[in-house]
There are 2 protein chains.
Amino acid sequence: MQVRVEVVVFAIRAGKLRVLLAPPEGGVRALPGGIPGGDESLDAAARRVLGEATGNDDLYLEQLYTFSEPRRAGAGGRISVAYFAIAPGAGGQDAAGFSPARRPPRLVRDHGRILALGVERLRTKTEYSTVPLRFLEEPFTLSEVQAVYEVLLDRPLDKRNFRRKMLALEAIEETAGRRRVGAHRPARLFRLSPARPYLLKERGILFPF
Amino acid sequence: MQVRVEVVVFAIRAGKLRVLLAPPEGGVRALPGGIPGGDESLDAAARRVLGEATGNDDLYLEQLYTFSEPRRAGAGGRISVAYFAIAPGAGGQDAAGFSPARRPPRLVRDHGRILALGVERLRTKTEYSTVPLRFLEEPFTLSEVQAVYEVLLDRPLDKRNFRRKMLALEAIEETAGRRRVGAHRPARLFRLSPARPYLLKERGILFPF
DNA sequence: CCAAAAGTGTTGGCGTTACACCCATGG
DNA sequence: CCATGGGTGTAACGCCAACACTTTTGG
């Protein structure tokens, strides 16, 4: 039985949720994937694939789900252990390889299902965890954090409530720096709290409003 | 690379959370497991193993996580796709094969980790879903439902608040029957709502109190 | 001095918690 | 009539959502 890992790499580009797709194999696109080496754990294989696809193997990565396709006439069965990862940065034009995540092009085999599950998981995690912070490059402003959450939840959030709640989580901490762009008041800059780079709910939900 | 499925079958017996273990292989106990047939999906294999272990392949079953052990000197790598299942009934003495889930005996390979993750997943799901209803045999009383939640959350719950909340979910519905045992007021009997046999949160958390 | 993003507090409503007594029955 | 588990309502509190203006800067 063939075992593969597939990685759903999300990013926000130009204000939209995007997913990294590998170059077309025979006209149809695919998630980055590969076959674990004999002495490699699944996590290690996923991280290797992630590094090959993005040039960075140090991104947030977690296992998503394991899919199987039973053997069909002629072919052996295949198992895909799917992971999802988050690539930081909202960089405008280096969107090479990124496609819309919610309305993706046609994908090989069951990669459409895998992607759909990844999108769903990302959305639910946005409601009760701070993984969305992984979309940001440090240092970042609170407005940028809010923008990420708004993209992921696909709705606007109240600025004051958002800030109060986000700060209360202590998942980010202020730095001394200030960012000044254009004719505006300079923005405070934050980074992930080393103690809790991301944080699951202790209790309650983060963004019900 | 060898692929296996392992199934964590939970039940409540004598007021405690228990897990079904297979007969000892060489002194150490193991979760029920097996090797998927070539034309079998992982879900189908898990359900088959479940049926072999419990005599009933129609229980609640969901995928838990996929574990891998890299190849060690001499041996090939192994992948375990773990599932968790719920066996209903609080039957007192048919506890054959069931061991304490939170303080299990020593288990083979990484089955201890798998079980621990299953226990943890069950606890978190208890807070935001109605899967715990699967521990009950229909028809059941509200007091029985509360007892299940108390075992899973490992703390007492307020009776009036519990009932109000549980009924508001519309995950269970009253039947015409009444259960009378001993010198007590007869209890109303319920069953799972066919429409929503179990229900994930729409919003918010079920049992924060 | 104007435009634009950053930043900041308060209040009303709702949901959650806490809490104690009556009901129905069999023996 | 008593013991036991089933069943029920309300009030206080705290959290959440809604809401608008001031600050800071560059041009």
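Just so it is clear: chains get the letters A, B, ... in the order the sequence lines come, proteins before strands, and each one is counted from 1. Any value given below was found using the heavy atoms of this structure, including those in side chains, with hydrogens, waters and symmetry copies removed.
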task: Figure out the CZ/P separation between F190(B) and dG6(D), and round it to whole Å.
output: 12 Å
CD-CE distance between Q146(A) and M166(A), expressed to the nearest 0.5 angstrom: 9.5 Å
- prompt: Hey, does the side-chain of R163(B) have a donor or acceptor N/O within less than 3.5 Å of a partner on the base of dG7(D)?
  reply: no
Phosphate OP1/OP2 of dT8(D): any R188(B) side-chain N/O under 4.0 Å: yes
task: Please state how far atom CZ in F140(B) lies from atom P in dG5(D), giving the value in whole angstrom units.
output: 21 Å
query: Can you tell me if the side-chain N/O atoms of K165(A) get under 4.0 Å from OP1 or OP2 in dC15(D)?
result: no
- line: From CG of L167(B) across to P of dG9(D) the rounded distance in Å is 12 Å
task: Mark yes or no for a side-chain to base donor-acceptor pair under 3.5 Å between R160(B) and dA20(C), with no hydrogen or angle criteria applied.
output: yes
message: Given the ring of F98(B), does R13(B) sit roughly above its face, with NZ or CZ under 6.0 Å from the centre of the six-membered ring and within 45° of the axis?
response: yes
query: Could you give the distance from OG1 (T126(A)) to CG (L153(A)), rounded to the nearest 0.5 Å?
result: 5.5 Å
task: Could you check which of dG5(D), dT17(C), dC19(D) has an atom nearest any side-chain atom of N161(A)?
output: dC19(D)
statement: Separation of dT8(D) atom P from F162(B) atom CZ, nearest Å, is 14 Å
K125(B)/E120(B) ion pair, N-O < 4.0 Å: no
- line: Taken to the nearest whole Å, CG/L157(B) to P/dA18(C) is 11 Å
- request: For M166(B) and dG7(D), give me the distance from atom CE to atom P, rounded to whole Å.
  value: 14 Å
task: Whole angstrom is fine here: how far is it from CZ in R185(B) over to P in dC23(C)?
output: 9 Å
- request: Starting from the 5' end of DNA chain C, give me the residue, K159(A) or H184(A), whose nearest nucleotide shows up first.
  value: H184(A)
- prompt: Rounded to whole angstroms, how far apart are CG on D158(A) and P on dC15(D)?
  reply: 19 Å
query: Under 4.0 Å between a side-chain N/O of R180(A) and OP1 or OP2 of dA4(C), yes or no?
result: no
- prompt: Got a second to check how far E6(B)'s CD is from L115(B)'s CG, nearest 0.5 Å?
  reply: 12.0 Å
- prompt: Given dA24(C), dT17(C), dT25(D), which nucleotide is nearest the side-chain atoms of R164(B)?
  reply: dT17(C)
- request: Determine whether any donor atom in the side chain of R179(B) lies under 3.5 Å from an acceptor atom in the base of dT25(C), or the reverse, and answer yes or no.
  value: no
query: Any side-chain N or O of S143(A) under 4.0 Å from OP1/OP2 of dA6(C)?
result: yes
